[in-house]
Amino acid sequence: MPSMGIERVFLGSGQHCLHAVVDHLLDRFPPDGRRWNLAELLLLLPGSRAGRRLRTLLRERATVLHLQLVPPDITTIGRLADRVLVPEYETASALAERLAWIAAIRSSDQPVQDRLLGRNRSEDGPYPDEAVEAMAATLVSVEAEVAGAGMDFQGISDHAFMEGNPDALRWRDLSSLQIWHDQWLREHGFERRDARTSAFLDGHRKVLAPRHIGIISADLNTMQRRMIDSLVETGSSVFGMIHAPQDDESCFDDYGCVVPAVWSNRIIDIDDRIRHVGDGPEDQIGCIVDLLGSLGPFDPDDVSVGLPDESLLPICRRVLPEWGVPVHEPLGVRMDQSRIGRILGLLERFLEQKEASDFAALVREPIVERWIRAADDSDTELLERFDRYREDCLPMHIGTGLPDRHASLARMLRPTIVRLDELRASTAGPESMVDQIEAMLLELLNPSMDLLQSDDRAVLEAVGSILDELLHLRPLLDGCSAASLLRLMRGELAAQSVGTSTTEAAVDLLGWLDCHLDDADTLLIAGCNESMLPMSVNADPFLPNELRSAIGLVDNERRLARDAYLLDATLRSGRVVHLVSGQRGPDGENQVPSRLLLTG
């Protein structure tokens with residue numbers, strides 16, 4: 001049922017959305033004397049970057065008006081349950097969820113594993129750990145997305161869409177595994193965040209409802225809508241802030257979200273002077289450079305570059321500084337792609353296979369090279385000697401014994417290889433295995449500690465937190481090898497980013513969904529091509545577009561409507577905006593401009 005208890009607030013157009021939000025909050029919650037008290041307000045935004053910026057804008061406004069600010073609680077919409085629900089069990093982290101799915105898959109019968117993992121039943125032997133762990137990570141993501149529709153795997157299995165569907169048997173399998181997975185978590189004192197939300201909606205969980213809730217969102221899933229309705233019923237005053245004029249009232253539903261039927265056919269007026277076309281990816285970034293040059297002298301902090309096509313990010317990262325434009329990535333670089341994360345991946349591969357090619361990649365990492373040299377202070381040219389050994393002997397695997405003509409190299413490598421062999425052969429319990437990995441990493445990094453940069457230290461801090469969590473989850477780590485633990489660690493690092501710190505003015509490089517709530521005066525958007533803007537999902541192995549539509553998940557039509565609104569609101573926000581599309585993709589294939597650029 002539509003919610004009738006949510007007030008829709010139209011912020012108008014002509015200025016940045018977050019600036020209009022600050023204006024509205026000042027009117028809605030006027031200061032009491034010199035005190036601006038927003039303590040009873042929970043603000044829900046689409047992303048954490050917008051939340052950080054809004055906090056800054058609130059502080060700046062309070063300073064200008066000489067007010068003492070009591071700030072609101074600001075979080076993302078996805079973290080609403082964490083703010084308001086009282087847990088009965090400890091909420092399972094993504095890592096605990098993945099371990100539960102690994103255990104569930106391993107506990108299932110061979111035919112179930114075959115249908116899930118795709119191996120022909122005639123083949124012998126268990127599935128490799130890497131395949132099971134990858135599927136477990138996928139199921140964590142699928143489970144969270146399905147929960148957003150207010151459903152579980154049983155609900156999908158029973159859905160009319162599955163009648164006669166070839167995937168029906170696999171969803172029945174997943175339904176049984178999810179029941180096993182949830183029971184296994186509860187036996188270990190954990191529960192899924194989504195299970196806690198479902199219990200609240202069924203009236204079986206307490207809630208700490210804030211007095212006021214403000215929302216900025218172009219789209220909310222079914223579970224989020226139901227939660228907001230329940231909070232209204234408990235007495236919370238909820239208002240949705242819409243970055244559009246009152247005249248567009250019919251374009252938004254009772255929650256302040258876009259009406260797909262309206263926005264999918266919306267005509268967006270785009271001046272030809274702000275549309276640009278480049279040939280390939282490099283040419284698109286060349287257009288960005290030309291546009292920056294056309295601005296004349298500018299403050300980099302007043303300019304942002306949006307990239308719906310993430311493949312353009314490395315090119316921006318390289319080309320713009322070459323032209324004297326400093327860049328900053330607010331969302332940072334994925335930690336598993338940092339040099340510490342890369343070393344963990346190479347260690348995991350070598351521990352799994354002990355191949356000479358993996359060891360060669362390890363040796364080429366300066367941190368690892370210094371670790372090897374620390375055990376032998378000779379002036380031996382390690383990389384050159386190792387390359388000559390591989391050319392001479394063509395080894396598939398690497399061990400401590402090398403031919404006599406490579407004896408000096410063997411002496412250098414032996415302590416390192418022995419250390420890694422000990423870790424590979426270890427059958428210690430989870431707690432001891434985690435301790436051994438931590439000790440090995442400390443040994444490896446010790447010779448390079450003075451040379452580590454701030455981003456390395458940020459990644460190391462995250463690694464330390466992951467090791468602590470692994471110790472906390474040790475009852476769930478039955479039989480994990482060192483390689484498996486390193487894979488789990490890299491999986492956790494993949495979900496975190498390390499920001500490029502800078503104290504100087506720089507142009508921010510943004511993803512598409514951050515562009516609308518960014519408040520730079522000039523926004524240059526490259527990669528405005530079909531399938532990137534809007535993003536289309538058709539070939540998902542678990543949740544193809546037809547199934548998404550049937551169960552109420554975000555599908556291509558809703559994604560089109562959301563992106564049409566975000567582009568329209570951005571163009572009407574009073575800033576300078578330019579849109580760049582490309583004729584060819586990174587692979588050389590022809591591309592067409594986004595349909596959103598062709599509606600007028």
* Can you check whether P281's main-chain N or O pairs, donor with acceptor, with Q284's side chain at less than 3.5 Å? -> no
* To do: Report yes if some heavy atom in the side chain of Q113 is under 4.5 Å from a heavy atom in the side chain of D173; otherwise report no.
  => no
* Decide whether Q583 and Q591 meet the rule of one side-chain donor and one side-chain acceptor closer than 3.5 Å. => no
* Asked: Are side-chain heavy atoms of S581 and R275 found at a separation under 4.5 Å?
  -> no
* Would you say the side-chain atoms of R266 and T599 include a donor-acceptor pair closer than 3.5 Å? -> no
* Asked: Taking the inter-plane angle between the rings of W184 and W180 on a 0 to 90° scale, is it parallel (under 30°), tilted (30 to 60°) or perpendicular (over 60°)?
  -> parallel
* To do: Give a yes or no on whether the backbone of V259 and the side-chain of Y565 come within a donor-acceptor separation of less than 3.5 Å.
  => no
* To do: Hey, could you give me the CE/CD1 distance between M151 and I156, rounded to the nearest 0.5 Å?
  => 5.5 Å
* **Min side-chain heavy-atom separation V592-N529 under 4.5 Å** => no
* Asked: Going by the salt bridge (charged side-chain N to carboxylate O under 4.0 Å, His left out) test, which pairs reach into residues 587-600, not counting sequence neighbours?
  -> E530-R595
* For E310, does the CD atom have more than 12 heavy-atom neighbours from other residues, nucleotides or ligands under 6.0 Å away? -> no
* To do: Could you go through the side-chain contact (heavy atoms from CB on, under 4.5 Å) check for F153 and V146 one step at a time?
  => CA-CA 8 Å; F153 291 171; V146 167; 4.1 Å; yes
* Asked: Can we say D229 and R226 salt-bridge, meaning some charged N sits less than 4.0 Å from an Asp/Glu carboxylate O?
  -> no
* Asked: Any chance CZ of R349 has more than 12 other-residue heavy atoms, nucleotides or ligands included, within less than 6.0 Å?
  -> no
* Asked: Between the side chains of H181 and E97, is a donor N or O closer than 3.5 angstrom to an acceptor N or O?
  -> yes
* Asked: Does D555 use its side chain to pair, donor to acceptor, with the backbone of R558 at less than 3.5 Å?
  -> yes
* Side chains of E133 and S484: do they bring a donor and an acceptor to under 3.5 Å? -> yes
* To do: State whether a side-chain donor-acceptor pair under 3.5 Å links Y255 with D219.
  => no
* To do: Evaluate the side-chain proximity of L477 to L470: yes if any heavy-atom separation is below 4.5 Å, no if none is.
  => yes
* Asked: Between Y127 and M135, is any pair of side-chain heavy atoms under 4.5 Å apart?
  -> no
* To do: Only pairs at least two apart or in different chains count here, so list each salt bridge (charged side-chain N to carboxylate O under 4.0 Å, His left out) that has a residue in residues 144-166.
  => E145-R548
* **Donor on one side chain, acceptor on other, E557 and S549, under 3.5 Å** => no
* Would Q183 and H188 count as having a side-chain donor-acceptor pair, cut-off 3.5 Å? -> no
* Do other residues, nucleotides or ligands put more than 12 heavy atoms under 6.0 Å from the CD1 atom of I267? -> no
* Which distance, rounded to the nearest 0.5 Å, do you find between the CZ of R562 and the CE of M535? -> 9.0 Å
* Structure fact -> Between the CG atom in L220 and the CD1 atom in I228, the distance rounded to the nearest 0.5 Å is 5.0 Å
* Counting only N and O atoms by type, is there a donor-acceptor contact under 3.5 Å from the side chain of S338 to the main-chain atoms of M335? -> yes
